[in-house]
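For reference, the structure is listed below as structure tokens.
This is a predicted model, so every value here is computed, not measured.
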Amino acid sequence: MLAETVRKKKPLVHCITNYVTVHEVANILLSIGASPTMADCEKEVAEIATMADALYLNIGTANEAIINNMLKAGKAANAAGKPIVLDPVGIGASTFRRESVRKLLCELKISAIRGNASEIKAIAAGTTSTRGVDADEGDKIEDASLDRTIQQAKTLASKLGCIIAISGKIDIVSDGVRTAILRNGDAMMSSITGTGCMVTAVIAAYLASGNDPFGATLTAITQMNVAGEIAKELSDEGEGNASYGIHLIDSIGLIDEKVLNRRAHYEIIG
């Protein structure tokens, strides 16, 4: 039902994102039936944020001017009642990134934050363990560290009053009351650039469709992960990362509710 809602509504997602994966983000939004607009010019960000159905902020290649434009767009989106989804890419890598995210969280009402375990840990605990934009090995979500990570997600969601989504081999989504443990996906997803940026954009499109934020985030991540599984099945022997990326974008657009319900593997706990 949620995937069909997105296709029918065709939400316009205003993306202020990084230049490494902007092409992939645009294509994944088009594949699920949403409409992307990439605009980070100071003179238009507020106007476009007001017009759009959701705002997606990604600090992957941000600079001071871009952060200021994110704040301007975010305040316009808040005033218009539009959801904002934040991707704190590599927040632990520098003081500038940490200060930028702190400022965004202080001045904007954020609907959802999605990051890897190290990025979320950096926001929750102020620690800086990171390896570029990838999660530190010690932070990665395994069954042995699941309880600790769930508690971190719940606590941060309650503190910030937003959805917290942590990506990894196991994904976690929490609104502070409900927490979902998601187990779909394929290892190849981490071998192409932009899967994290793409799934955050998909979350923005789902939130823009007026769905319950917790269920929308859970479904968006599950749809992306199921697409990753199907992409692997479609990949012929000898095909590499580029072909896998094409199969991924093809697959997510073809997933209907029946496929999603049949393949979804998650549990919701209190």
Side-chain angles (χ1 to χ4, degrees), residues 17-18 55-60 62 67 70-71 74 78 83-183 185 190 195-197 199-201 203-204 207 213-218 220-221 225 266-270:
T17 186
N18 75 68
L55 175 63
Y56 163 50
L57 304 178
N58 179 311
I59 69 161
I67 295 297
M70 287 181 176
L71 290 168
N78 281 165
I84 303 175
V85 181
L86 173 64
D87 194 330
V89 180
I91 178 177
S94 71
T95 302
F96 169 72
R97 289 176 191 246
R98 291 191 294 279
E99 284 299 308
S100 295
V101 169
R102 184 194 61 77
K103 187 177 294 185
L104 291 170
L105 292 176
C106 285
E107 298 191 28
L108 302 177
K109 172 58 181 172
I110 303 293
S111 302
I113 303 171
R114 189 223 60 87
N116 63 41
S118 292
E119 290 162 348
I120 298 301
K121 180 181 176 183
I123 297 174
T127 55
T128 58
S129 58
T130 188
R131 191 168 67 90
V133 299
D134 297 328
D136 183 83
E137 284 296 324
D139 293 333
K140 288 186 175 179
I141 310 172
E142 305 286 351
D143 283 308
S145 62
L146 193 55
D147 289 345
R148 183 187 68 215
T149 312
I150 287 172
Q151 190 55 50
Q152 187 172 68
K154 290 177 67 174
T155 302
L156 187 60
S158 296
K159 178 182 177 183
L160 299 179
C162 71
I163 301 294
I164 297 296
I166 307 178
S167 296
K169 182 180 178 181
I170 303 169
D171 298 281
I172 295 171
V173 175
S174 181
D175 64 2
V177 177
R178 298 167 292 177
T179 298
I181 304 167
L182 293 67
R183 295 182 182 272
S190 63
T195 49
C197 303
V199 73
T200 313
I203 292 170
L207 293 184
F214 176 78
T217 304
L218 189 163
I221 295 174
N225 287 344
Y266 66 85
E267 61 176 314
I268 298 175
I269 60 177

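Within the 4.5 Å cutoff, no side-chain heavy atoms of Ile163 are placed close to those of Ile203. Side-chain contact check for Thr217 versus Val85: every heavy-atom pair is 4.5 Å or farther apart. Counting heavy atoms from C-beta on, the side chains of Ile150 and Ile269 come closer than 4.5 Å. In this structure the side chain of Leu160 never reaches within 4.5 angstrom of the side chain of Ile110, judged on heavy atoms. The shortest distance between side-chain heavy atoms of Ile268 and Phe214 falls below 4.5 Å. At a threshold of 4.5 Å between non-hydrogen side-chain atoms, the residues Pro213 and Asp175 do not count as touching. A heavy-atom distance below 4.5 Å is found between the side chains of Ile172 and Leu146.
Nearest heavy atoms, Pro88 versus Val101: CB-CG2, 4.1 Å. The nearest pair of heavy atoms linking Ala62 to Phe96 is O-CE2, 3.7 Å.
Summarising the geometry, atom CG belonging to Leu182 is positioned 6.0 Å from atom CD1 belonging to Ile221; distances are rounded to the nearest 0.5 Å. For the atom pair CG of Leu55 and CG of Leu57, the computed distance is 4.0 Å after rounding to the nearest 0.5 Å. Rounding to the nearest 0.5 Å places CD1 of Ile67 at 5.0 Å from CG of Leu104. Once rounded to the nearest 0.5 Å, the distance linking CG of Leu108 with CD1 of Ile84 reads 5.0 Å. Rounded to the nearest 0.5 angstrom, Arg183 CZ and Asn225 CG are separated by 12.5 Å.
Side-chain N or O atoms of Tyr56 include one that pairs as donor or acceptor with a backbone N or O of Cys197 at under 3.5 Å. In this structure a side-chain-to-backbone donor-acceptor pair under 3.5 Å is missing from Arg97 to Gly92.
Every pair passing side-chain hydrogen bond (donor to acceptor under 3.5 Å, both in side chains) that includes a residue from residues 105-115 is listed here, sequence neighbours excluded: Lys75-Glu107, Asp87-Arg114, Arg114-Ser167, Arg114-Thr200.
Just one of Gln151, Glu267, Lys154 meets the side chain to side chain contact (heavy atoms under 4.5 Å, CB included) condition when paired with Thr179; it is Lys154.
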